[in-house]
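Data first, discussion second: the structure below is written as structure tokens.
By convention in this document, chain letters (A, B, ...) are assigned in the order of the sequence lines, proteins followed by strands, and residues within each chain are numbered from 1. Just so it is clear, the structure is predicted and the values come from calculations on it, not from any experiment.
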Amino acid sequence: MEQKLLLIDGNSILNRAFYGLPDMTNSQGLHTNAVLGFLNIMFKFLEEENPTHLAVAFDLKAPTFRHKMFADYKGTRKGMPDELREQVPVIREVLQAMNIPLMMKEGYEADDLLGTMSVLGEEAGFEVKIVSGDRDLLQLATKKVQIRIPKTNRAGTVVEDYYEDDVLEKYQVTPKEFIDVKALMGDASDNIPGIPGIGEKTATKLIKEFKTLENAYAHIDEVKPNRAKNNLQEYYDQGVMSKELATIKLDSPIDITFEEAKLGNLYTKEAYHMLKELEFKAILKRFDGEEQEDFEVKIKEIVDLAEAEDIFAKTAKKKEAGISIYKENDAMWVALNTEGEEVYLFSCEGFGFLTEDFLYEKVDHLYQKMEHVAMMEVKEHLSHLTINEMTKSIFDVSLAAYLINPLKSTYEYDDIARDYKSMMLPSRKELIDKKHPMVSDGVLSDAGKKIMGYEAYVAREAIKPLSNKLTELEMMDLYREIEIPTMFALHDMEVRGIHVDSKALKEYGDQLVGRIEELQDSIYKEAGEEFNINSPKQLGVVLFEHMKLEGAKKTKTGYSTSVEVLEKIEHLYPIIPMILEYRQLTKLKSTYADGLANFIQDDQRIHGKFNQTITATGRISSTEPNLQNIPIRMELGRAIRKVFLPEDGYVFLDADYSQIELRVLAHLSEDEKLIHAYEENQDIHARTASEVFGIPMDEVTSTQRREAKAVNFGIIYGLSAFGLSQDLKISRKQAQEYIDRYFAMYPRVKEFLDGEVEKGKTDGYVKTMFNRIRPIPELKSSNFMQRNFGERVAMNSPIQGTAADIIKIAMVRVNMKLKEKQMKSRLLLQIHDELLIETHVDEFDEVKEILKNEMMNAASLRVPLSIDIEQGASWYEAK
DNA sequence: AACCTCACG
DNA sequence: ACGTACGTGAGGTTG
């Protein structure tokens with residue numbers, strides 16, 4: 001069998017992988033995307049080529065000949081970003097752990113080592129494949145040496161392959177001549193100067209004609225065009241030097257032998273442990289069973305009533321337990337862990353002796369007796385438990401983990417185990433698929449048992465590390481006093497739901513359809529063709545190519561057809577306002593009219609979900625459906641609020657904070673002017689206008705007030721001149737002037753914002769008034785944009801987050817007050833700075849008092865909190 | 001699944 | 001020179 005040698009251009013592939021994959025870190029904060037990408041590419045080629053030998057070449061860090069020589073020639077070679085730099089030693093170690101030989105030599109580039117090795121390999125009778133992201137290596141192609149260049153585009157990875165003939169076909173020169181082409185045209189990225197004025201076209205033409213640089217010079221009189229001739233004459237020395245630089249050395253010292261490069265067992269213990277630390281789960285799967293030392297819990301199944309009683313009785317005497325509850329249809333399971341790896345699994349599948357009520361009662365009892373009962377997502381189980389805001393033993397693992405790092409997308413047991421116990425467990429997603437469901441035929445599957453076992457075990461194991469971390473970050477009060485009670489308020493809102501008049505909603509939708517069809521016809525007529533107006537792609541082509549409208553702006557994939565673009569040309573073409581209206585109406589129809597209708601339950605109410613572990617700032621999020629983005633700004637959309645109705649005998653009371661974020665800013669910054677303005681209950685936007693424009697309050701025009709309002713908003717968002725200029729449609733210079741003047745008038749605000757950015761940089765996170773943290777990894781990024789973003793986040797998060805804390809407190813207190821007093825009125829919705837109460841008519845005044853009281857006193861700030869309350873027979877009227 | 005667009009605070 | 005306002009969720013199209 002023929003021997004095959006696979007050579008990998010380490011730096012080049014690592015580089016490709018780094019830029020090809022989104023930023024990624026393991027739980028230690030080590031960047032890992034380049035290493036993962038590299039390994040994936042390597043495995044892909046190993047599988048495709050099935051080589052007998054393998055080696056990877058790297059540049060050594062020391063500056064090499066080429067770069068030293070031209071370090072000043074064309075600026076400096078771009079240093080690699082830190083996020084990539086830290087991954088270089090990692091991939092080397094991983095490869096070494098896999099027994100893959102590395103070729104590295106001071107004074108030689110990876111290119112030179114690859115070139116030399118490929119020549120040696122070919123001479124020794126190998127078929128040679130070189131994998132690189134770099135076209136420079138094409139000069140190494142022969143009939144036996146193939147250069148393979150993987151390219152990532154959308155769709156996946158495509159590989160360009162080059163034997164000698166392929167180079168000739170694509171570039172019209174042989175691999176050796178390719179060097180001369182490069183000597184003429186130069187290569188900025190490689191600091192090869194080339195000959196000025198000669199680009200790829202001319203270079204190729206000259207080399208096709210003269211074969212080499214030297215020969216072209218020898219026949220300088222025949223060189224055309226004139227510019228090339230003159231420059232070649234003048235810069236010939238530079239050309240010779242460029243050729244030298246462009247030539248890959250084929251006589252470099254090679255430290256490894258073919259014997260060493262022989263492909264052996266990649267899947268070593270060391271490699272396994274390294275990959276585990278890198279948290280490359282998918283790659284770990286390649287390792288054989290022996291290496292898969294997956295941690296397993298010992299599950300003991302209990303179906304006997306007496307035994308169950310006994311276990312729960314004994315458990316109740318202990319301090320801590322971890323529990324997992326799973327329900328599907330009529331069956332229900334409970335996993336319980338109190339120590340070690342032993343997990344009891346109680347099931348009431350079908351006709352067991354254990355019942356659902358029994359198990360919930362037992363769990364409830366544990367909450368009364370034990371110090372800590374740990375579970376994930378406790379809110380999902382509250383309907384069956386009697387625990388309440390006062391229950392001290394509730395330990396919600398998901399909530400605790402969210403507070404410690406609110407940036408994660410999931411808080412499942414495997415995430416918790418990895419982050420707080422350094423354990424790599426198979427995830428729910430890995431254990432469950434279509435072939436392996438959680439439950440089949442009413443019986444909990446092996447995968448299901450495993451998952452529940454892990455959940456109970458991890459929940460208990462996580463109590464200490466999570467508590468310690470919360471204490472260390474001084475977030476225990478936030479957890480106990482705000483988040484746990486908030487969980488109950490959210491659960492109450494989910495259970496209550498909000499009444500929607502489905503008939504009125506249907507009528508609203510029907511009324512839209514008529515107008516949508518009219519608009520569609522007019523648009524087709526205007527465009528002179530029929531197309532899918534909902535497709536931005538088709539719409540862009542119709543508007544800016546077929547109809548040749550001006551004002552086209554491109555996005556990555558085509559033309560932008562966003563409102564900002566269309567509004568600019570709204571008055572020039574009749575089709576544009578039609579499209580804008582069409583967009584508006586179809587949005588209302590699909591997302592709201594039809595969308596909401598799908599969620600109306602048998603009780604004629606929509607029971608949306610309120611999520612507590614989603615946002616980075618501590619806000620609540622709303623899904624299935626989203627009840628926090630029901631239209632209000634435009635009248636037509638706002639009308640949909642007429643279908644949200646209180647029950648008979650009730651009215652809506654809607655209370656919202658007035659400018660809570662600006663008030664928070666006044667408090668946090670301690671700016672006396674701002675504080676004073678709020679103490680005096682002044683019109684804050686007019687006041688800002690007066691300060692910024694240097695005019696008396698009563699001379700502020702409406703335009704000036706509007707602009708000042710935008711500045712105030714901008715401050716909260718982490719102001720940029722660009723953003724403000726966009727919003728106000730003024731020049732960036734003008735916007736910058738507003739900002740400068742604002743900060744001159746409110747110096748403490750400036751100090752505060754700068755201070756937050758500083759804190760973010762030193763601590764890695766910023767905090768709210770109630771110690772909620774928001775980590776900002778972007779502040780450490782080497783990417784300008786990312787860092788900028790991080791700075792804005794550092795300015796915004798303490799403000800938005802503190803406001804979120806305050807309304808959570810108010811929400812909890814209002815909800816508890818209504819429950820304590822056993823009132824009929826109930827809290828239905830929270831929309832960031834607003835609470836909606838379905839208020840019994842007999843309780844109207846009392847509820848209003850409660851709202852005022854609890855909302856205004858939720859936090860004590862340097863400025864008063866102020867609220868607006870409205871009432872109505874529908875949400876529309878109450879706003 | 002990614003992108004665009006747009007609804008809200 | 002870079003290309004941006006902060007925080008969300010959903011529907012439609014397209015690959």
Would you say Arg619(A) reaches dC6(C)'s phosphate, i.e. side-chain N/O to OP1/OP2 under 4.0 Å? no

With a strict under 4.0 Å distance from non-hydrogen atoms of chain A, what nucleotide opens and what nucleotide closes the contacted stretch of DNA chain B, reading 5' to 3'? dC4(B) to dG9(B)

The correct set of residues in residues 625-633 of chain A placing a heavy atom under 4.0 Å from DNA chain B is Gln628(A), Asn629(A), Ile630(A), Pro631(A), Ile632(A), Arg633(A)

What's Asn532(A) touching, base or sugar-phosphate or nothing? Going by heavy atoms closer than 4.0 Å. sugar-phosphate

Write down the distance between CG (Leu588(A)) and P (dA10(C)), rounded to a whole number of angstrom. 17 Å

Decide salt bridge (Lys or Arg N to Asp or Glu O under 4.0 Å) for Lys879(A) and Glu834(A); before the verdict, give the C-alpha distance in whole Å, the side-chain angles of both, and the deciding distance to 0.1 Å. CA-CA 10 Å; Lys879(A) 245 297 185 178; Glu834(A) 169 189 353; 3.8 Å; yes

By side-chain hydrogen bond (donor to acceptor under 3.5 Å, both in side chains) - contacts of Thr586(A) (at least two apart): none

Using atom CG of Leu665(A) as one end and atom C1' of dC6(C) as the other, report the distance to the nearest whole Å. 13 Å

Atom CD1 of Ile715(A) and atom P of dG7(C): how far apart are they, to the nearest Å? 17 Å

Does atom NZ of Lys709(A) have more than 12 heavy-atom neighbours from other groups under 6.0 Å away? no

So Ser562(A), base contact, sugar-phosphate only, or nothing? Heavy-atom distance under 4.0 Å. sugar-phosphate

Just to confirm, is there a sub-4.0 Å distance from OP1 or OP2 of dG9(C) to any side-chain nitrogen or oxygen of Ser621(A)? yes

Over all strands shown, is Ala735(A) touching base, sugar-phosphate only, or nothing at heavy-atom distances under 4.0 angstrom? nothing

Report the distance from atom CG of Asn788(A) to atom C1' of dC6(C), rounded to the nearest whole Å. 14 Å

Residues in side-chain contact (heavy atoms from CB on, under 4.5 Å) contact with Asp82(A), at least two apart in sequence or another chain: Arg85(A)

Could you tell me how far apart Arg787(A) (CZ) and dG3(C) (C1') are, to the nearest whole angstrom? 14 Å

Do the charged groups of Arg741(A) and Glu737(A) touch, with an N to O distance under 4.0 Å? yes

Going by salt bridge (Lys or Arg N to Asp or Glu O under 4.0 Å), name the pairs with one or both residues in residues 532-547 of chain A, residues two or more places apart or in two chains. none

Rounded distance in Å - CD (Glu778(A)) to P (dC6(C)): 10 Å

Is the shortest distance from a Lys or Arg side-chain nitrogen in Glu517(A) or Lys589(A) to a carboxylate oxygen in the other one below 4.0 Å? no

Touch check for Phe713(A), heavy atoms < 4.0 angstrom, all strands: base, sugar-phosphate only, or nothing? nothing

With a non-hydrogen cut-off below 4.0 angstrom, is Gln538(A) in contact with a base, only sugar-phosphate, or nothing? sugar-phosphate

Interatomic distance at P, dG3(C) relative to dC3(B), whole Å: 16 Å

Gap between atoms CG and P, on Leu662(A) and dC6(C) respectively (whole Å): 17 Å

Select base, sugar-phosphate, or nothing to describe what Ile831(A) touches, counting heavy atoms under 4.0 Å on all strands. sugar-phosphate

Can you check the Glu624(A) CD to dT8(C) P distance for me, whole Å? 18 Å

Between Lys642(A) and Glu507(A) (salt bridge meaning N to carboxylate O under 4.0 Å), is one present in this structure? no

Within the structure shown, what part of the strands sits under 4.0 Å from Arg774(A) by heavy-atom distance: base, sugar-phosphate, or nothing? sugar-phosphate

Taking the same atom, C1', in dC2(C) and in dT5(B), what whole-Å distance lies between them? 25 Å

side-chain contact (heavy atoms from CB on, under 4.5 Å) partners of Lys852(A), counting only residues at least two apart: Glu849(A), Ile867(A), Ile869(A)

Would you please name every residue forming a side-chain contact (heavy atoms from CB on, under 4.5 Å) with Asn532(A), sequence neighbours left out? Asn534(A), Ser535(A), Gln538(A)

Contacts of Asp433(A) meeting side-chain contact (heavy atoms from CB on, under 4.5 Å) (sequence neighbours excluded), chain-then-number -> Lys435(A), His436(A)

Secondary-structure string, 5' to 3', Watson-Crick or G-U under 3.5 Å, | for another-strand partners, for DNA chain C: .....|||||||||.

Should Ser622(A) be listed as having a side-chain N or O under 4.0 Å from OP1 or OP2 of dG9(C)? no

Is there a side-chain contact between Arg792(A) and the phosphate of dC6(C), meaning an N or O under 4.0 Å from OP1 or OP2? yes

Counting side-chain heavy atoms from CB outward, which of dG11(C), dA5(C), dT14(C) is closest to Leu719(A)? dA5(C)

According to the ring-ring contact (aromatic ring centres under 6.0 Å, His included) rule, which pairs have a member within residues 705-733 of chain A, sequence neighbours left out? none

Contact class for Gly714(A) (heavy atom, under 4.0 Å): base, sugar-phosphate, or nothing? base

Report the residues that fulfil salt bridge (charged side-chain N to carboxylate O under 4.0 Å, His left out) with Arg813(A), sequence neighbours left out, ordered by chain and then residue number. none

Which residues share a salt bridge (charged side-chain N to carboxylate O under 4.0 Å, His left out) with Arg705(A), sequence neighbours left out: Asp683(A)

Contact class for Thr586(A) vs. all strands (heavy atom < 4.0 Å): base, sugar-phosphate, or nothing? nothing

If you assign each of Phe784(A) and Phe789(A) to its closest nucleotide in DNA chain C, which residue comes earlier from the 5' end? Phe784(A)

Ala616(A) near the nucleic acid: base, sugar-phosphate alone, or nothing, with a heavy-atom cut-off under 4.0 Å? sugar-phosphate

